[in-house]
Amino acid sequence: MKSQSTQRNLKSLLLNSEILAVVAILMALTFFLTTRGLPMVLTILVDFAVFAIITMSLNLETGFTGIPQFGRVLAVIAGAFAVGAIPGRLLAALMGLPAGLNYTIDTVQFQVSPELTAALSGSWMLSLLFLFICLVIAALSGAGIGWLTSRPAIRLREAYLGISLLAFGDFLMWVGHNWVPLVGGSTSVFVPDPFRIFGGARFEAVVIAIFLAALLVYAYLNRLTVSPFGRALKMVRDNEVSASAAGKDIVKIRTQSLVIGSMLAAIAGGLYVIYTGTVTAMGYSRLVWTFWPWAFMMLGGIGSTAGMLLGVMVLTIMRTLITVYRFEVFGFLMAWGINPLWLEFTLMGAVIIGVILFLPHGLVPEKVQSILPASRVNSILSKGFGAKLQ
Amino acid sequence: MLKINKLNSGYGKLQVLYDLSIEIPEKGITVVVGPNGAGKTTLLCSIMGIADVSSGEVEFQGNSIRALPSYLLARQGISYVPQMGNVFAELSVRDNLQMAGYLLPTAKAKKKAEQMTVMFPVLKKFIDRKAATLSGGERRMLAVAMGLMKDPKLMLLDELSTDLAPIIAEKVISEVARLRDELGITILLVEQMAKRALEIGDTAYLLVSGGVRFAGKARELLNEPELCNMYLGIKQPAAQNIPSIEGSR
Amino acid sequence: MAPWLATGLIYASALALAAGGITLLYMSTRTFNFAHASMATIGFYVIYTGSVLGGGTPYRYFPLAFLIGGLLGVICYYGLNRPLLKRRAVEITLMMSTLGYDLILLSVIQMYCDYLTFSRRLFPRRVSMSIYDFELLGVSAATIILPLVAIVFLTALHLFLVKTRFGVAMRATIENPVLAGASGINADRVYMLAWVIGGGMAALGGAAMSMAITGTPVLGMNSIPFMFAGAIFGGLHSLYGGILGGFVIGMTEYAGVFYLSQIFGPWVLGYRMGIPLLLMAATLLIFPRGLAGIPWAALVRNLFGKKGGIRV
Ligand SMILES: Nc1ncnc2c1ncn2[C@@H]1O[C@H](COP(=O)(O)OP(=O)(O)OP(=O)(O)O)[C@@H](O)[C@H]1O
Ligand SMILES: [Mg+2]
């Protein structure tokens, strides 16, 4: 009896923490809107959207399937580099501009890239087509990376796998940094801008587009995870032996999860470079694209898709707060010459530790799901045990 | 000496023992028997603070020892020989004995270790070998030796005789009786050789499905042919056997 | 001595120390210590600060680096690791908690660099520690001293683990915590000591590494994949495997870069980190449990004994 009531108390507390978080987010956004104007809010939203997709994809692989994905940056890089390297070249080739290995050299870039964007900003058709091609290429390269990583993922045990993925994420970044034809090496490569066609409203348009993409991914994952496939994922995660005894093909399920997850992360990477308009290899560090999403995921509550949105939003707002108020609030650090921006690292570290110690299930704890669909459970209950239960 | 009252325990969410109450009188052998999976090992684990105790009391010499870490229990004089994992496989036999005497003064530990190698000559032969390379029976001997090394007030022994050849098993069991008679050590003995254990034992508990099915004098349990038959596989009509044992004493 | 070999030796010794620390911590507390990265960086900044502000050779400050690394380890143990172990947290949770700790340490390092730049007019963000080195027997002292430091330290560690009572108790606890506890060994102290030694080894490794490569605030952050690679290559279940793994990973990088760039040209330099990683990946794909999982005895028997293939 006692444990039941404490459970209920805990439950209502957690429910409150969700509501509290949403209220706090809305308040913070309104606050930014009134004090700093719309661009600030839009910047938060676009950061949120990109990382929401990545964090949800991470959650699919880690939270739902139990793969220690410490190489999230791999798929993000796959998408970003692919969009930086391929669609622009295609367009340049079509227009008879340099599109070979020299395409990414900075002198060529400064000459070619304005022409490409000019061509795009002249035609809705072309812009839309270009955007579409970008996304397809990002998705394909993400799926490719996902499939490649699924090979060792079948053979290696937890820690071995996580660390191998982490190491190869770094390696891919260095390849981009050193091999100029890919994305320009240490100088950046420009991405032709399919949103330039919106003219003065370019920023608003691209933010809305990416935000919508995040919502779409959310809806898709929500449906996926309640589908039989989603339940199979959790079965594999919770108990491989019983999952395979139940006739699940574990290798196939893990592969599918990695391919879908990496595809989504790559699309996010692609969207991000379209938004920023450039790709700089060194920007794709494991810190930002693997560890930050892990922090978001842990705060949100591993295994809950809605939690990801909350986690990303809360932390994005907190990061923005630090950036915006670094001088007002933390100005005293300047007396020792310390840049208050480093507090962002402190914050992330503290959040990770705080969540682990005090909020192990995150803001939105995973709901314990039955292996069977609810309708089946109900029908079994009403037929078989109904009489006994009542 | 040890008093357990209404103990509920298990592993995580799995509960194994239900409202279990047991008392272990001083300077006697308390035998705990029961079928596989009854919860005998879990009982010992609960005493040692290894299993998860959800409620109940565990008292040692009048003080509550519930939730104490096992190294403190060892320091209070409780020695535990687990059923499995009872030697350090990666350490040499010598180091195993040294670790068993961890709480003793060095000189005393050395002397004790020598006594053990006299009692189990096999150990002397293999003194520098890794315990992992010993045979099952040799390992069990090492485990018993390690339990005896500690000079305890209370010994918790989990299935000592398993893996041992009958002659050695008999030797080990009578050694347990000697520990009580000569050194006055209190012993909680879990045994599969139920009949032999009950013969040397003073008090007995029959554990079935996490509860006490019988509690009383050890020889009284041998007098319950139904229980013996059903749970312990002691086939002979017990009533005929007992007088002869009494007579031999 | 060829320059690549000299630098490679220093670097490989550094990785051996760091990877050994990672392995020790993993074996005793099931924790993959991400904070090894910042602990190593802090080791570097200890000898840097010492050499610049205190004077003398960098080697004077190695013991201090070890102590500070050990202290950081103890803080991690009592603040994070111990409560989580008590709760029987899973490996991923343990690992992530050290990542949080690492990020906090990283921010402290960055702030410290800001401070040094601002108030001491130093340039701590790109440091070549070799300018504080001296010459010994015709080569840079680091080439001789640092491998020696690694050997002496690791020998001492070995003797401690094998010859002393507490060292044996440490091995006993790592292998079988339940039985060790029942023997009266306080596992708490063992784990704390593991963090002291592990953290100290991280700092020593970082300090040694900065004698071979440029010291930056992300020295550890950038090299942690190799520390992990060394530990994993070694198999994670043997301290000696981890140490050897770190050394091999380090040496492979330098030897590989040297020979491959002679064959293919200097562009290979840019992809140097791929060489040890490929070695690790290849080993893991054939032997999923690393060096320690390779049946060495059987291999040797089959190779030098009777005819017949190598069975794995
Ligand atoms: N570490 C553990 N985790 C989960 N369940 C366990 C664990 N150890 C034992 N159990 C379960 O607890 C129950 C009681 O086991 P226990 O080991 O106490 O039995 P026992 O009486 O000692 O049996 P045996 O005579 O075979 O040794 C069993 O059903 C067993 O499966
Ligand atoms: Mg048992």
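The chains referred to below are lettered A, B, ... by the order of the sequence lines, with proteins before strands, and numbering in each begins at 1.
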Any side-chain heavy atom of C/Arg165 within less than 4.5 Å of one from B/Gln98? yes
Quick one: does C/Arg171's side chain have a donor or acceptor within less than 3.5 Å of a partner on B/Leu91's backbone? no
Any side-chain to backbone donor/acceptor pair from B/Glu90 onto C/Ala172? Under 3.5 Å, distance only. no
Flag yes if more than 12 heavy atoms outside C/Arg87 fall under 6.0 Å of its CZ atom; otherwise flag no. yes
Should we count NZ of B/Lys112 as having more than 12 external heavy atoms under 6.0 Å? yes
Between C/Val162, C/Leu179, C/Val178, C/Asn176, who has the most heavy-atom pairs with chain B when the cutoff is under 4.5 Å? C/Leu179
Say you draw a straight line from CZ of B/Phe88 to CD1 of C/Ile174; how long is it, rounded to the nearest 0.5 Å? 11.5 Å
What part of [X] is in contact with chain C, defined as an atom under 4.5 angstrom from a non-hydrogen atom: side chain, backbone, both or neither?
| X | answer |
| --- | --- |
| B/Val81 | neither |
| B/Met146 | side chain |
| B/Leu73 | neither |
| B/Pro69 | neither |
| B/Met48 | side chain |

Among B/Asp95, B/Leu72, B/Leu156, single out the residue with the greatest number of heavy-atom pairs under 4.5 Å to chain C. B/Asp95
Please report the C-alpha distance between C/Arg88 and B/Asp52 in whole Å, then the side-chain angles of each, then the deciding distance to 0.1 Å, and finally whether the salt bridge (charged side-chain N to carboxylate O under 4.0 Å, His left out) criterion is met. CA-CA 12 Å; C/Arg88 295 188 206 157; B/Asp52 303 313; 2.9 Å; yes
Please report the closest heavy-atom contact between [X] and [Y], naming both atoms and the distance.
| X | Y | value |
| --- | --- | --- |
| C/Ile185 | B/Tyr71 | O-CB, 3.2 Å |
| B/Tyr102 | C/Ala169 | CE1-CB, 3.7 Å |
| B/Ala74 | C/Ser183 | CB-C, 4.1 Å |

